[in-house]
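Worksheet: the structure to be examined is printed underneath.
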2 protein chains.
Amino acid sequence: MGIYLQDIPLSEAKARLRMGLIRLNRTGILGKEEIALDEAALGRVLAEPVWARQSSPHYHASAMDGFAVRANDLTGAQPGHPRQLEMGSQAIYVDTGDPLPAGMDAVIPIEDTQPVYADAQPADPRHPQAILIRAALPPWSHVRALGEDIVATELVLPAGHTLRPIDLGALAASGASHITVCRKPRVAILPTGSELVEVGKAAQAGEIIEYNALMLAAQVMEWGGIAIRYPITPDDEPLIAARVQQAAEEADLVLLNAGSSAGSEDYSARVIAQLGEVWVHGVAVRPGHPVILGMLRRAIGEGAALVIGVPGYPVSAALTGEIFVKPLLHGWLGRAAGEDQTAQAALTRKITSPAGDDDYVRVVVGRVGSRLLAAPLSRGAGVITSLVRADGLVILPRGVQGVEAGAQVRVHLLRPAAEMERTLFAIGSHDLTLDLLAQYLANPADATRARRLVSANVGSLGGLAALRKGEAHLAGCHWLDPATGEYNLQAVRTYLPDTAVQIMAWVGRVQGLMLPAGNPRGIHGLADLADGEVRFINRQPAAGTRALLDYHLQKLGIPPESIRGYDQEEFTHLAVAAAVASGRADCGLGIAAAARSQGLDFIPLFTERYDLIIPGEYANNDLLAPLYEVSQNADFRKAVQSLDGYDVARMGEIVLQC
Amino acid sequence: MGIYLQDIPLSEAKARLRMGLIRLNRTGILGKEEIALDEAALGRVLAEPVWARQSSPHYHASAMDGFAVRANDLTGAQPGHPRQLEMGSQAIYVDTGDPLPAGMDAVIPIEDTQPVYADAQPADPRHPQAILIRAALPPWSHVRALGEDIVATELVLPAGHTLRPIDLGALAASGASHITVCRKPRVAILPTGSELVEVGKAAQAGEIIEYNALMLAAQVMEWGGIAIRYPITPDDEPLIAARVQQAAEEADLVLLNAGSSAGSEDYSARVIAQLGEVWVHGVAVRPGHPVILGMLRRAIGEGAALVIGVPGYPVSAALTGEIFVKPLLHGWLGRAAGEDQTAQAALTRKITSPAGDDDYVRVVVGRVGSRLLAAPLSRGAGVITSLVRADGLVILPRGVQGVEAGAQVRVHLLRPAAEMERTLFAIGSHDLTLDLLAQYLANPADATRARRLVSANVGSLGGLAALRKGEAHLAGCHWLDPATGEYNLQAVRTYLPDTAVQIMAWVGRVQGLMLPAGNPRGIHGLADLADGEVRFINRQPAAGTRALLDYHLQKLGIPPESIRGYDQEEFTHLAVAAAVASGRADCGLGIAAAARSQGLDFIPLFTERYDLIIPGEYANNDLLAPLYEVSQNADFRKAVQSLDGYDVARMGEIVLQC
C-alpha cells in the first residue's frame, strides 16, 4: 500500500518516453540485416534505399512475335508497293522477349507480314524465304528498349518502405538478389498474477483466463515484431523480478502485464524500479490509467531494454498496445508514420468524459441516409466485446468534459470505410434472432449482397426514438398497447406520427418467468413476486418486456413497489437470464430461449409479436433488400423455429405500410 | 501456331469461371480445420460462428480493491451518521477481480472507508476490526456482474470473420480454447520458359530473371493462401505437362505462368486442354489479354484443381492475381467480400482505351489545393515500376474509348488515403536529385513532417503548364530564354502571367554530350552531330534540354534536319544515357551525373540553373515546409554535391517572389 498513482497527461508520458529513448539511443531502427529476396521478404521494411543494379529490360527486347528488321529498309513501303525483305540478311524471326539481333532496330509483328515461300507449299510462317511488308514503321517500333522500365542506378524503392508483392518483383527486375531490411524488434510478454489460468483450463470463481498475453503477442506480430510469450508467473515478487531480468536480456521491449496499478499484489513498479528505472507510472488515459513506462538494465548483454507495465483490464491492455507499443515498433522498424484512417460522424448520444483524461471511446459506425453516425459502445475497461464490436475510436482529448448528441466527431476507423456503407443499423428491442440474422446477412450466396447488421439494445421505445431521429435503418419492437391489446401499431402512430414506415412481422415468441432450475422458491406466476422476499430482476423502462410486465401487474392490481428488485434493471433477455442463473436474482421476465440458454426453468405466460419497424425510405431499397430475402430463406426460418418459444408463421409479412 | 485468341469480355470470363466452380462444387470454403487458440490464429477466418461457452466474467467479481458488503446494511449512512460494519460478518476485504463472497451484494472502495482498529496503533488497512462508512450505495455497486461482458450462449464472432488480436482475446474470454477455421487454399505456382533464370543469377541478353512466381507467391500469402513454388520448367511440353499434373494433385489452384499467349513456345493451353478443360482463353482486359481459365483432373486424388494460365508480362501477371486469384481465395476462405477503398479524382491528362477491353490504368494520386488528382502512369504491360509507383487503378470499362483530361474518375486505391494528403506533386523537368529529395522527405527526424514526393517527368514547359492548371505543388525548370540568356524568369512570366509564384534556386548542373566509353565516333562538339552518320537521341520538345540544344544549334547554324535521330525522343536524362549505353544511339545531350551512372564518356558544354517553381499559395505552407528544411540540410546538400557536375551553392535561395 501507500503507492498512490499520480496520473500524468498522455502528451507528457509520450515526451518522457521520447527523452528516455534518446538517452538510451533507441530512437531509430534497431539494426539492419541482409535477407534473400524471396516471399519471406513480404512485409519487411527496407533499411536502405535500393538503387537498380541493372536495367530492365537489360537488353533491347522484341515486344512481339515477328521479324526483326531495319526500319530504313521499309522506307516507302505502301499497301500497293510492298517491300520484300530476304530472311537472314534483312529479317530474322523473333519471339516476344528475344533480344533484337545486332544491326536490327525494329520488329514487325508476324500478322503484319506476308510470307514468301521458295515453293508454292505453305510451310512454317516463321521460316519463309522472304517476307512482304506493306507499311513503313519508325525505328524502335515493337521493341522494349533497354531501360524502358528501370535504368541501372535509378532509385527502385526508398528506405522505410514496407515491401508488397509487386515490390519484390521490381527489386528482382532491378538485379537485386538480397536486400537489407530492418531487424524485427523482439518483444517479451510476461503475464503475471496468481489468479491467472491458461487458455483451455477450466477457470474457478476468482480465477481469470489469461488472454492479454495472447492479444498483445498478436498485436506485436501484426505490427512487424517478434513476440516471445512467457508462461504465467504467480504473484511472487522475486520470481517476477527474475523473469523480468531474463526477458530484458533477450528482448528489446518487455511487456509486463497486470500488476501495474497500486493494489496489494501489484509488484510491477517496484520490480522495474529495482531492475532499471520507472519514467512514468500512471497515464491520464481512459481506459488504461495504470501504465508504467521505463527501462531495464541488462545484467549480461549490452545496453538496456524498454519496459511497459500494461494494465490488466483487457480493453486497457489492448489500447496500451495501440498507444505505446505500436508507435515504438513502427519507429524501430523505420516505417513511415502510418496515419489512421479517419471519418467525420455524428454522435448518436451524449458522452461525458473526465476532464483530466484523454478518453478513448469505442463506437460503431454506419451510414443511415446521408449521415455517417457513430454510436458509443460500453465504456467499461473490462468489456472486451466493446473493442471487438467497435468500428472506430473517438478520442476526447484532455480538457473536454463531454460531447453532445448530434455533434460531429472524428472517428479513427478500425475497419475499412467501405464496410460502413453496407451496414444496417438496428436499434431497438433485443431479440435472440438478431444474432442469427446477422450471420445470414453476412454470408449470402452472392457476396455483393453481404450486409453487416449492427444492433444496439435500447428497448422498443428507444428504437422508435432512434427511427424518429433518423439514426437507424430498422427497429425491433414489441410494444403492447394497454387499451387495445394490439402490438406496435399504436406505438408507431404515437411515436412516429409524421414518418412513413413499414411494419414487418418478424417472430412470435413466448414471454414468461425465468427461474433457477428446480424453482426453489416455488414461484408460479406474477402474483408470487410481491411477497417481499423474491429478488426480481427487471428490464429498463423503454423495454417492451417492461411494458408487458407493467400491463399485467396493473391488471392484477400488484403495485410495483411491492416487488423487491423492481428497480434493478438489465438491458437484454440474456442479461436477465444470466442474473438469475448466477444467483443475483431469483426471478425475471423474458423469453423462453434466453431462459433455456442459461439452463433455467421457465413458466410461459404470454405470447407476443416482435416486429421490425422500417422507415419507408429504406423499405425494399438496395441496402435492405437482403433483409427481405433472409426473411424468406427456409434455412434461416428453420434455425429460428428451432429456438424455444419462437414462431415464424408471419415472418416477412407486411403488417402495415403507411 | 494456328491458335488465334478470341478475347472474351471480363464479365463473360468471370461468369464462365463461376459456372465451372459450381460444376466442380468449389464455390464455398474448401474445408474446415480445428486449431488451437493461440497467436498463430491471427488472420485466420472463422469457418463457424463462435457462441460463448462461458460468461465473462464467469462469476460476480469485485471491480475495486475494497470491502464486500451488503448494500442493505448501509441504508441511511450519511457523512454525519456513519454505519459501522464488523469485519468478517458484515465486511470482507477483496482485491479487484476477487469473487464477491457469498451473501454480499456490493463492494465499497477502500478509499471510501475509515478503518477502526482494536488498539490505537494503525495497522494494515485491509484488516481492521471494523470499518466506518458515511454513504449508502445501491446493490451491485463496484461489482462486475457475471456476464457483464459476454453471456454464455451469446454470439461472440460470426463465421467468415478474419481474426484480429482483440478477437483472440474475446474468444478466450468466452471459454474457447480451439476454434474451427477455414482451411487455407493451396496454390501451386509454376514458372515456365527456357529464357528464365533464377533471381540472383546473371542474366544474359534474351534471358529474363524469373520473378513473376515470387510476386504471385507473395500475393497468395497476402490473401491468406499457401504458396507452393515450383522450379523453373523449360519450354518442354511433356515436362510441363508432368509438372502441371503433379501440381494438380497437391494444390487447389495451379498458376501456370507465361506460355499462355499464342506464340511459338506457348504450350499452356494445349497442356491444360490435355489434362483437363480450357474454359476461357483470352480475356479482353488491358493489360493482360492472354489469360487462361480452366480445370485439371486429378490422376491420383479426388476431384479437380482449378488452373489459371497467367500472362508473362509482370503487370499483366500481377493484375491477373488481383482480378482472378484474389476473389477465388477470398471465396474459398469464406471471407466477407472486401470492397476496395475508392476515391474520386480528376484525371490530369486524357487517356484513350480500346473499346473492347476493360482497361486497368495505373495512376498516382495526390491532393493539390482542394482537388484530388489522378495522374496516369506508363501503360506498358512490361513496366512493373508503373505498379510499384501506382497509388491506384482507374478501371475503364469495356465500351469506354477514353476519358478527357479533367474528368472525374473513380480510383481504386492501393495505398491508404491518408498518404495522399501528404503527397507533393512535382511535375516538370527531370533531375537526378529528385530521387534523393524523395528519400529525405520520406524520412525526417520528426515523423509528422514526412512527405511523399511523386514526380512526373514532362519537361520544363510541361511543368509550367501543370502549375497553370493547378495540378502540381512544384515544377522543376531549366528553361533558357534565347533573348536574354537568363534561366526560367522569362518562361515563368510567359507561361504563368497571372499566377503568384516563387522561384527557388535548386542546383547548378553541367550539360554536355554523352558518348559511349572511349568515344568511338570521335565526337567533340555539337558540330559533329550533323555528319549524317552519328545516331543522336533527343529529348521531347517541352524539355529544357531540348531548348538548350535548339538554342545552340541555332547559334551554330546547324539545321535540326541534318541530325540523324533528332526525331527520336526520350523523357529523362537517364533514358537518354541508357539509349547511348545500349548502342541504340551514338550520342545524346544531358547531365553529367546521368552519363556517369551508365559508364559513359561525357563532354561538358554548358552550365545551367535548375530551379523549383512553386505557386505562391503553397510557398512555405505546412505541406511544403519540409521541402525548405531539406534544402538546408547539410547531409542532403553533401549528397547532391557528390553527384557529378552538381553545384548546391544557391540551393534554397528565393530567386523571385511575385
Side-chain angles (χ1 to χ4, degrees), chain A residues 37 39 42 49 55 59 65 95-99 144-147 149-151 153-155 158 160 165-170 172-173 177 195 199-200 205-206 209 211 214-215 217-219 221 263-264 314 318 336-337 339 382-385 387-388 418 435 439 442-443 447 450 574 578 582 597, chain B residues 37 39 42 49 55 59 65 95-99 144 146-147 149-151 153-155 158 160 165-170 172-173 177 195 199-200 205-206 209 211 214-215 217-219 221 263-264 314 318 336-337 339 382-385 387-388 418 435 439 442-443 447 450 574 578 582 584 597:
Chain A
L37 181 60
E39 56 266 55
L42 185 66
S55 297
Y59 59 93
D65 296 342
D95 276 325
T96 303
D98 281 350
R144 296 188 62 222
L146 183 149
D149 190 357
I150 301 170
V151 177
T153 75
E154 202 176 5
L155 178 73
I166 191 74
D167 300 321
L168 304 184
S177 64
E195 74 283 12
V199 168
I209 296 170
Y211 56 79
L214 168 61
M215 209 165 61
Q219 285 187 328
M221 287 167 60
S264 59
E339 291 99 305
V383 181
I384 190 171
T385 50
L387 257 182
V388 169
D435 276 357
Q439 274 289 327
N443 297 291
L574 269 179
S582 70
S597 79
Chain B
L37 182 62
E39 55 267 55
L42 185 66
S55 297
Y59 58 94
D65 296 340
D95 276 325
T96 303
D98 282 349
R144 296 188 63 222
L146 183 149
D149 190 356
I150 300 169
V151 178
T153 74
E154 202 176 2
L155 179 72
I166 190 75
D167 299 322
L168 304 184
S177 65
E195 74 283 12
V199 169
I209 297 171
Y211 56 79
L214 168 60
M215 210 165 60
Q219 284 187 328
M221 286 167 62
S264 60
E339 291 99 307
V383 181
I384 190 172
T385 50
L387 258 182
V388 169
D435 275 358
Q439 274 290 326
N443 297 291
L574 268 180
S582 69
R584 230 182 96 199
S597 78

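Any value given below was found using the heavy atoms of this structure, including those in side chains, with hydrogens, waters and symmetry copies removed.
Most heavy-atom pairs under 4.5 Å with chain A: of the set B/Pro99, B/Ser177, B/Ala217, this distinction falls to B/Pro99. Options A/Leu387, A/Val388, A/Leu168 differ in how many heavy-atom pairs under 4.5 Å they form with chain B, and the most are formed by A/Val388. Ranked by heavy-atom pairs under 4.5 Å with chain B, the first of A/Leu37, A/Leu214, A/Thr96 is A/Leu214. For the set B/Ala218, B/Pro165, B/Ala318, B/Pro158, the count of heavy-atom pairs under 4.5 angstrom toward chain A peaks at B/Pro165. Counting heavy-atom pairs closer than 4.5 Å to chain B, the top residue among A/Ser582, A/Ser55, A/Pro314, A/Ala578 is A/Ser582. Contact tally against chain B (heavy-atom pairs below 4.5 Å) for A/Ala172, A/Gly200, A/Gly147: the top residue is A/Ala172.
In this structure, A/Arg144 contributes its side chain and B/Gly382 its backbone to a donor-acceptor pair below 3.5 Å.
Evaluated for a side chain to side chain contact (heavy atoms under 4.5 Å, CB included) with B/Met215, the options A/Ile166, A/Asp167, A/Leu42 yield exactly one hit, A/Ile166.
Taking the side-chain contact (heavy atoms from CB on, under 4.5 Å) definition, one finds that B/Pro49 meets it with A/Gln439, B/Trp51, B/Leu155, B/Ala159, sequence neighbours left out. For B/Thr385, the side-chain hydrogen bond (donor to acceptor under 3.5 Å, both in side chains) test picks out A/Asp149, with sequence neighbours left out.
For B/Ile384 against A/Gly169, the heavy-atom pair with the smallest separation is CD1-C, 3.5 Å. Across A/Tyr211 and B/Ala173, no two heavy atoms sit closer than the pair CE2-CB, 3.4 Å.
In this structure, A/Leu146 CG and B/Arg584 CZ are separated by 9.0 Å, a value rounded to the nearest 0.5 Å.
When heavy atoms are compared at a cutoff of 4.5 Å, B/Ala205 approaches chain A by way of both its backbone and its side chain. At a 4.5 Å heavy-atom cutoff, the contact between B/Leu574 and chain A is made by backbone and side-chain atoms alike.
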